[in-house]
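Scroll down for the structure; my scribbles are underneath it.
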Amino acid sequence: MSSALIEPQKTRPGTLKLHPIMLWSKLFIPTLRETPAEAEVASHQLLLRAGYVRQLAAGVYSHLYLGNRSLLKIQQIIREEMDAIGAQEFLLPALNPAEVWQESGRWDVMGPNMFRLKDRWGRDLCLGMTHEEIMTAIARGELRSYKQLPQMWYQIQTKFRDEARPKSGLLRVRQFIMKDSYSFDIDAAGLDVAYQKHYEAYRKIFARCGVDVIPVEADSGAMGGSQSMEFMVPSDAGEDFVVVCPACKYAANLEKAESVAVVPGTADPEGDLSPEEFHTPGLKSIADLCAFTGLPDSSQMKSLVMVAGGKPVLALLRGEHQLSETKFSKAVGATEVRPAHPFEIVDWFGAEPGSLGPVGVKNMPVVADVALEGRKNMISGANKTDYHLRNVTPGEDFQAKFVDIRQSQAGDGCTVCGAALEMKKTIEVGHIFKLGYKYSASMGLRVLDEKGAEITPIMGSYGIGVERILASCIEQHHDKNGILMPATIAPFVVAVTPVNQADPLQRAAAEKIYADCKALGIDAILDDRDERPGVKFKDADLVGIPYRITIGKKLPQGIVEMTVRRGGAPASEVAVDAVVAELKKLVDAEVAAAAWSGN
RNA sequence: CGGGGCGUGGCUCAGCCUGGUAGAGCGCCUGGUUCGGGACCAGGAGGCCGGAGGUUCGAAUCCUCUCGCCCCGACCA
C-alpha cells in the first residue's frame, strides 16, 4: 500500500479537513447485517445498520464517524445559506442560569420538559432548550441604537428537551443539534424582511440536503406571535399532520388548517318545526343515534363540554367532525382548555354525557362550528339522560356564537380553490416564527430611535433540526439495500472499489482513481479491505455512498465500472482514464440539480 | 403518567410453561481453500441469563421488588 495515501494531505491555511485517512480498512464503520430489535422506523434501522449512530440512552445517541460526517455536511450547508443572508454565527452556552429563564417567564412555562440541575451552591441551572433568552440577554446588554439594527444571529449546537416519550430513533430525542437563529429589527417591516430571508434560505437548505419539504402555515400559539411557518417532510414516520391542497398551493398544519366541510349526507327536513323529545335508552354515541334515527352523522349535533380558563363552554359540532382545541381556545380567548369531567357535566347539565345539547342552556356560553350555521331540524341531546331532541335549529332553538372550531379532515374543500384536501403525515424539520415583542419586552431590550425615543426591537426566531434532516432524508430515500444518500450530504460521495485487493494492478489503479478524485475535490473512500467483492458492494449500498467505481476484470482492457446508487441503473463501463472526469460531471450535475429553483 | 411488550456472548434469537452442568445462526480470532453481490472447511475465544431479595438440596426458569429499552396513548416552546 502506498504510504502517500495515508499521509495527511497538505492543508491550505484556513481550510478545514475532516479526516486525512479515507481507507475503509482503517475507518470505524461498524455495519450490521441484522436489524437491531429496538429500531422500528426505517431511518432508525438504517442509521444503526449503516454504523452512523449508536444509542446511549432513551433519546440520546452517539454519532459515529459516518453519522458525524453527514451531520457536518448538513451543518455546512446550513452555515453557507445562513451566512448568505447575512446572519452571524455565535456559540452559546448550553448551561443556563435560571435567572434569564425566570425573566422571560419560561422557567415555569417549560415545566418538566426542561432539564434542570443545581450547582454546588444550590443555584438553579438548566440545559437550554432554545436560546431566545440568551440571545436577548446579549442584545439588551449591547444594542443601544437603531443604527445597530437589524441583526441576525445564529448558532448550531446541542439543545436539550426532556421529552416524555423519545421515539423513532433520531426523530424524537432528548438531546439534539439545532440551528437556531434570531432576528432583531426596528419595526414589523424589518421583521418581515428577516422572515422572508429565512424562508428562502430554508428552501435552499432543504433542497440542497435532498429533502422534499412542504412549507405550511402553522399556529403561532399563545405567544402572541403574528406569523409562523413550519417546514414539513412527508413521511409515515412523522407524527404531525398537515393538510394540503393538491390543486393550489394551500398547505397548513392540521391545528391551523381551514377548510369547507362537505355537504351533509342527507338534506335537513323542511319546515319550521319545534324541538321534540324522544326516548333513547342507553344511546350515547353519535353512531348509536345514527343507527336509531336512520340519519347520517352529519344530521347529528355533537355537544362537547369544555373548560376554558376554568369556566365551562359548550362546543357544538356536526356529528362526524372533530374539535380543534387550538381553534377552540383561540375562539374563546383562553390558553388553558380541557374537556370537562363527567361529574362536572352532571353538575352543570343535570344530565349525563351522551344526552347533552344546546337547547335551554343558560349557564354557559355556546360556541358552534360554522358548519352548523344555516342548518335546521337536526338531532341533539335533550339535557335529560336517555332523551334526545329532533328538529333542533341553530339560531332559533338556541343562540350560539358561530366560529370555525372544527379540525379539518381529508376530503374537505379547499378554502382557496375548492378542491378536495389531502392529509399527510409529516416530520417537522424547520420552523420560522415572528416572535414579536415577547422576549424583547419582558427582558427589557430597548434601543433609541432616530428621534432619541426608546423603542423595543421586534424579534423573530428560526429553527432547524439537524439530525431530523438526516433522518428524514433517509426516510425519504432508501431501498431494500440501504440508504440512498444525495451526494451533498452523504458521508462519502464515491467508493473506489478494487474487486480483488490482492491484484497489484487493480490496487494501483484504485489508488490513482482515489487520488484523482481527491484532487478534484470529490469526497472519496477507498475500499481497500481484503474482503470478497459482495461484502464491499453490500456495505457501500447500505451506508449510502451515491457513486461507486469498481475496478475489476476488465482493467487490463482499460475499463472500469461506474455505478450510480440512486435510480438502480446497471453499472456502466468507462475508460479508466476518463472515469474521474465522468464522475465529476455526474456529481456536479447532481449538486446543481439540488439547488432550489424558486417556487 | 396510563396500557402493552421485551431484557440470555457484539447482533438476531432459542431455552423459561414442566427448576437439575447455558445453546444456535451471524459476527470475532487462527490456519487453509476461495474471490464480481454479505464464501467454505477445521480449530478457537467470548455469557455473575439487566439488578436485588425470596422459595428450594438446587433458579436463566418459580415469587416479590427494582432498573433499563421499545411500542400505543397522554404530552410536545
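To find a chain, count down the sequence lines: A is the first, B the second, and so on, and within it residues start at 1. All values reported here derive from a predicted model rather than from experimental measurement.
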Considering only heavy side-chain atoms of R165(A), the closest of A74(B), C76(B), C11(B) is A74(B)

Re C69(B): Watson-Crick or G-U wobble partner, both distances kept under 3.5 Å, found to be G5(B)

| Integer angstrom distance from the P of C71(B) to that of C13(B) | 15 Å

**Report entry** C1'-based separation of A45(B) from U64(B) [nearest Å]
**Finding:** 38 Å

Need one value for T563(A): base, sugar-phosphate or nothing, where a base atom within 4.0 Å counts as base even if backbone is also close, heavy atoms only. nothing

Separation of C6(B) atom P from E40(A) atom CD, nearest Å, is 15 Å

### Query
Any donor-acceptor pair under 3.5 Å joining the side chain of R54(A) to the base of G10(B)?
no

Query raised in the report: Going through the checks in order, is the side chain to side chain contact (heavy atoms under 4.5 Å, CB included) test met by V173(A) and V60(A)?
Result: CA-CA 6 Å; V173(A) 291; V60(A) 182; over 6 Å; no

Task: A60(B) to G51(B) separation - P atoms, rounded to the nearest Å - done: 11 Å

Out of U12(B), A74(B), C70(B), minimum distance to the side chain of P36(A) belongs to U12(B)

In whole angstroms, the gap separating C1' of G36(B) from CZ of R548(A) amounts to 9 Å

Re C28(B): Watson-Crick or G-U wobble partner, both distances kept under 3.5 Å, found to be G44(B)

ask   = Hey, is K26(A) close enough to D528(A) for a salt bridge, meaning N to O under 4.0 Å?
value = no

Residues passing the side chain to side chain contact (heavy atoms under 4.5 Å, CB included) test with D404(A), sequence neighbours excluded, are E258(A), K327(A), D369(A), V370(A), R406(A)

Whichever of N481(A) and K167(A) has the more 5' nearest nucleotide on RNA chain B, that residue is N481(A)

By salt bridge (charged side-chain N to carboxylate O under 4.0 Å, His left out), K512(A) pairs with (sequence neighbours left out) D516(A)

Q.
Heavy atoms only, 4.0 Å cut-off, all strands: where does T35(A) land among base, sugar-phosphate and nothing?
A. sugar-phosphate

Q.
Using a 4.0 Å heavy-atom cut-off, does M178(A) contact any base of the nucleic acid, only the sugar-phosphate backbone, or nothing at all?
A. base

Next item on the list: For nucleotides C26(B) and U66(B), find the distance between their P atoms and express it as a whole number of Å.
Entry: 41 Å

Of the candidates G37(B), G36(B), C76(B), the side chain of D541(A) sits closest to G37(B)

The salt bridge (charged side-chain N to carboxylate O under 4.0 Å, His left out) partner of E239(A) among K167(A), K424(A), R165(A) is K167(A)

Taking for R172(A) and for F537(A) the nucleotide of RNA chain B with the nearest heavy atom, the one nearer the 5' end belongs to F537(A)

Between Y154(A) and H131(A), is the gap from one ring center to the other below 6.0 Å?
no

What is the nucleic acid contact for E561(A), judged by heavy atoms within less than 4.0 Å: base, sugar-phosphate only, or nothing? base

Side-chain contact check for E34(A): nearest option of C72(B), C13(B), G25(B) is G25(B)

Any strand, both distances under 3.5 Å, Watson-Crick or G-U wobble: G23(B) pairs with C13(B)

Using Watson-Crick geometry (N1-N3 plus N6-O4 or O6-N4) or G-U wobble (N1-O2, O6-N3), each under 3.5 Å, A52(B) is paired with U64(B)

Regarding the side chain of E38(A), the nearest nucleotide among C70(B), C11(B), C72(B) is C70(B)

ask   = When the C1' atoms of G10(B) and G27(B) are considered, how many whole Å apart are they?
value = 7 Å

In whole angstroms, the gap separating P of A77(B) from CG of D108(A) amounts to 16 Å

Atom NE2 of H44(A) and atom C1' of C11(B) are separated, to the nearest Å, by 14 Å

**Request:** Under 4.0 Å between any heavy atoms, over every strand shown, what does A37(A) touch: base, sugar-phosphate, or nothing? Just pick one.
**Result:** sugar-phosphate

Note to self: Please verify the inter-ring angle class for H198(A) with Y202(A); under 30° counts as parallel, over 60° as perpendicular, anything in between as tilted.
What the structure shows: perpendicular

Sorted by chain and number, sequence neighbours left out, salt bridge (charged side-chain N to carboxylate O under 4.0 Å, His left out) with R529(A) holds for D527(A), D539(A)

*Assert yes or no for the condition that the ring centre distance of W153(A) to F90(A) is strictly below 6.0 Å.*
yes

Quick check on A77(B): is either OP1 or OP2 less than 4.0 Å from any side-chain nitrogen or oxygen of K438(A)? no

Rounded to whole Å, the CZ-P distance (R174(A) to C76(B)) equals 18 Å

Just the atom pairs and distances: protein N or O near nucleotides 38-45 of chain B's N or O, under 3.5 Å.
residue	atom	partner	partner atom	Å
G38(B)	O2'	R33(A)	NH1	2.2
G38(B)	O2'	R33(A)	NH2	3.0
G38(B)	O6	R49(A)	NH2	3.4
G38(B)	N1	D539(A)	OD1	3.1
G38(B)	N2	D539(A)	OD1	3.2
G38(B)	N2	D539(A)	OD2	3.4
A39(B)	OP2	R532(A)	NE	3.4
A39(B)	O4'	R532(A)	NE	3.4

Taken to the nearest whole Å, CZ/R106(A) to P/C76(B) is 15 Å

Separation of A77(B) atom C1' from D180(A) atom CG, nearest Å, is 10 Å

- request: Identify whether any heavy atom of R338(A) sits under 4.0 Å from a base atom; if not, whether one sits that close to sugar-phosphate; answer base, sugar-phosphate or nothing.
  value: nothing

Checking G36(B), C75(B), C69(B) against the side chain of Q55(A) (C-beta onward), the nearest is C69(B)

* Could you tell me whether A57(A) contacts a base, only the sugar-phosphate backbone, or nothing, with contacts defined as non-hydrogen atoms closer than 4.0 Å? => sugar-phosphate

Sticking with atom P, work out how far G68(B) lies from A52(B), rounded to a whole angstrom. 16 Å

For A39(B), the nucleotide meeting Watson-Crick or G-U wobble distances (both under 3.5 Å) is U33(B)

The complete set of side-chain hydrogen bond (donor to acceptor under 3.5 Å, both in side chains) pairs with one or both residues in residues 566-577 of chain A, sequence neighbours excluded, reads K554(A)-E573(A)

| said: Between G9(B) and G19(B), how many Å separate the two C1' atoms, rounded to a whole number? | reply: 24 Å

Rounded to whole Å, CD1 of I29(A) lies from C1' of G10(B) at a distance of 18 Å

Answer for the Watson-Crick or wobble partner of A59(B), both distances under 3.5 Å, is none

Worksheet item: Looking across every strand, which nucleic acid part, if any, lies under 4.0 Å from A58(A) by heavy atom: base, sugar-phosphate, or nothing?
Response: sugar-phosphate

*asked:* Suppose you measure atom P in C65(B) against the same atom in G25(B); what distance do you get, rounded to whole Å?
replied: 39 Å

Taken in chain and number order and not counting sequence neighbours, the residues that satisfy side chain to side chain contact (heavy atoms under 4.5 Å, CB included) with T158(A) are F160(A), Q175(A), I177(A)

